[in-house]
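So the structure is just underneath, and the comments pick up after that.
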Amino acid sequence: MPWRIGPADRATGQRPDPYRVWLSEVMLQQTTVAAVRDYFRRFTARWPDVAALAAAPDEDVMGEWAGLGYYARARNLLKCARAVVSQHHGHFPSTREGLLGLPGIGPYTAAAIAAIAFDEPAVVVDGNVERVMARLHLVETPLPPAKAELIALAAALTPDHRPGDYAQAVMDLGATICTPRNPACGICPWAQPCAARAAGVQGELPRKLAKAAKPLRTGVAYLARRADGAWLLERRPDQGLLGGMLGWPGSDWAASPADQPPLAADWRDPGAEVRHTFTHFHLHLALRIAEVPLDAAPERGFFLPSADFRPSALPTVMRKAYDIARSIL
DNA sequence: TAGACGTGGAG
DNA sequence: TCTCCAAGTCT
């Protein structure tokens, strides 16, 4: 993984760059390694250190993050980079407690950075560690109530020697061997002491409380292309869903939203809607598409010139709408 | 403290 | 097609 240093460098006492550790850990929050890899490469190529990132315009960072999800992470990433520069002389705090004070850094990320970048024996507990501990110690209590117990069990195993390598090793074990489904107990180095394995319930742990069903919300989005190729977009407010990202003007997303076009035009119905599922609801988004003249004066949003418009800077639901509009215009 | 907050891949 | 979920944080 591009954010790790090799064993040869590690053997010389070299530490990984705290900036790269921080960036990778934030990207990896609730996100798979496969999804993060290319984003990490693009971010570090464009912004090689925390000072460069802190100096970047908001819209550049949000656009580079587009598609990775949980956009509050990108907003907090910038806040954090700027705080490190302005309040910590451009250096990340080296302790769990110091890191916890920064935006977007919670208990897991603070411990991970402290252990991996600064060799602090912090207790690193993510979903992988929770799963490994629940199985190793046969914890039947469901998550999230079991959280405190699992942290205590993880703390009892955390070594003072090479805590960063230990933390990554347990997370790697969870990601590759002690997986949620069909764990590979036959090649697991902890198969012998594993209580869940002995009881034959390893595939059922950790237990989890049932989640709420996702309601259906609907909405309408308006995609207007001006005669010169510019698209009518708007910047979404910083708070809430897709906060700070570009999007198409349209209705709210609700059980039965009211809607109002952003400008007068001959709106066409493409006959296809966008279906998208967020963490807590399903969305059916109807589309209205129009070609408008150069002097069109929108009541909402702004025309982004085609030379400045990259579909990759849109969140996925907005890019799905764009793909449909482009196919019929 | 429980709910808000994205996405793409696996089964 | 559908559910689950992945290296969580914020409010």
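Proteins come first, then strands; the chains are lettered A, B, ... in the order of their sequence lines, and each starts at number 1.
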Sugar-phosphate, base or nothing in reach of A:Met245, heavy atoms under 4.0 Å: nothing
Residues A:Arg319, A:Asp323: salt bridge by 4.0 Å N-O rule: yes
Counting only pairs under 3.5 Å, give me each side-chain donor-acceptor contact of residues 145-164 of chain A, with atom names and distances, residues two or more places apart or in other chains.
| unit_1 | atom_1 | unit_2 | atom_2 | d |
| --- | --- | --- | --- | --- |
| A:Lys147 | NZ | A:Glu130 | OE2 | 2.6 |
| A:Thr158 | OG1 | A:Ala154 | O | 2.9 |
| A:Arg162 | NE | A:Asp165 | OD2 | 2.9 |
| A:Arg162 | NH2 | A:Asp165 | OD2 | 3.0 |

Name each donor-acceptor pair under 3.5 Å that joins a side chain in residues 219-226 of chain A to protein atoms two or more places apart or in another chain, with its distance.
| unit_1 | atom_1 | unit_2 | atom_2 | d |
| --- | --- | --- | --- | --- |
| A:Tyr222 | OH | A:Asp259 | OD2 | 2.2 |
| A:Arg225 | NH2 | A:Glu291 | OE2 | 3.3 |
| A:Arg226 | NE | A:Asp228 | OD1 | 3.0 |
| A:Arg226 | NE | A:Asp228 | OD2 | 3.4 |
| A:Arg226 | NH2 | A:Asp228 | OD2 | 2.7 |

Sugar-phosphate, base or nothing in reach of A:Arg4, heavy atoms under 4.0 Å: base
Can you list, pair by pair, the side-chain donor-acceptor contacts under 3.5 Å of residues 89-97 of chain A, counting residues two or more places apart and other chains?
| unit_1 | atom_1 | unit_2 | atom_2 | d |
| --- | --- | --- | --- | --- |
| A:Thr95 | OG1 | A:Gly98 | N | 3.0 |

P-based separation of C:dT9 from B:dG8 [nearest Å]: 22 Å
Letter per nucleotide, 5' to 3', of nucleotides 5-11 of chain B [B base touched, S only sugar-phosphate touched, - untouched; heavy atoms, 4.0 Å]: BBBS---
Any residue of residues 203-216 of chain A with a heavy atom less than 4.0 Å from an atom of DNA chain B: none
N/O donor to acceptor pairs below 3.5 angstrom from side-chain atoms of residues 271-286 of chain A, sequence neighbours left out:
| unit_1 | atom_1 | unit_2 | atom_2 | d |
| --- | --- | --- | --- | --- |
| A:Glu273 | OE2 | A:Arg275 | NE | 3.1 |
| A:Glu273 | OE2 | A:Arg275 | NH2 | 3.3 |
| A:His276 | ND1 | A:Lys320 | NZ | 2.9 |
| A:Thr277 | OG1 | A:His282 | ND1 | 2.9 |

Distance, rounded to the nearest Å, where A:Asn76 contributes CG and C:dT9 contributes P: 11 Å
Donor-acceptor pair, side chain of A:Arg73 and main chain of A:Gly69, under 3.5 angstrom: yes
Sugar-phosphate only, base, or nothing, as touched by A:Val124 at under 4.0 Å among non-hydrogen atoms: nothing
Flag for A:Gln260-A:Arg300: side-chain donor and acceptor within less than 3.5 Å: no
Can I get a per-line list of side-chain donor-acceptor pairs under 3.5 Å for residues 302-315 of chain A, giving both atom names and the distance, sequence neighbours left out?
| unit_1 | atom_1 | unit_2 | atom_2 | d |
| --- | --- | --- | --- | --- |
| A:Arg310 | NH1 | A:Ser312 | OG | 3.2 |

I'd like a table of donor-acceptor pairs (distance under 3.5 Å, sequence neighbours excluded) in which one partner is a side-chain atom from residues 175-202 of chain A, with atom names and distances.
| unit_1 | atom_1 | unit_2 | atom_2 | d |
| --- | --- | --- | --- | --- |
| A:Thr176 | OG1 | A:Asp172 | O | 2.7 |
| A:Thr179 | OG1 | A:Arg181 | O | 2.9 |

Expected output: side-chain A:Asp252 to main-chain A:Ala254 donor-acceptor under 3.5 Å: no
Residues from residues 92-103 of chain A lying under 4.0 Å of DNA chain C - heavy atoms: A:Pro103
Separation of the C1' atoms in B:dC5 and C:dA6, to the nearest angstrom: 15 Å
Whole-Å gap separating C1' (C:dC10) and CG (A:Leu77): 16 Å
Donor-acceptor contact present, side-chain A:Arg10 to main-chain A:Pro16, <3.5 Å: no
Side chain to side chain donor-acceptor pair (under 3.5 Å) contacts in which one or both residues fall within residues 50-63 of chain A, not counting sequence neighbours: A:Arg46-A:Asp60, A:Asp58-A:Arg82
Any residue of residues 135-153 of chain A with a heavy atom less than 4.0 Å from an atom of DNA chain C: none
Pairs where residues 105-123 of chain A contributes a residue and the test side chain to side chain donor-acceptor pair (under 3.5 Å) is met, not counting sequence neighbours: A:Glu25-A:Tyr108, A:Gln29-A:Thr109
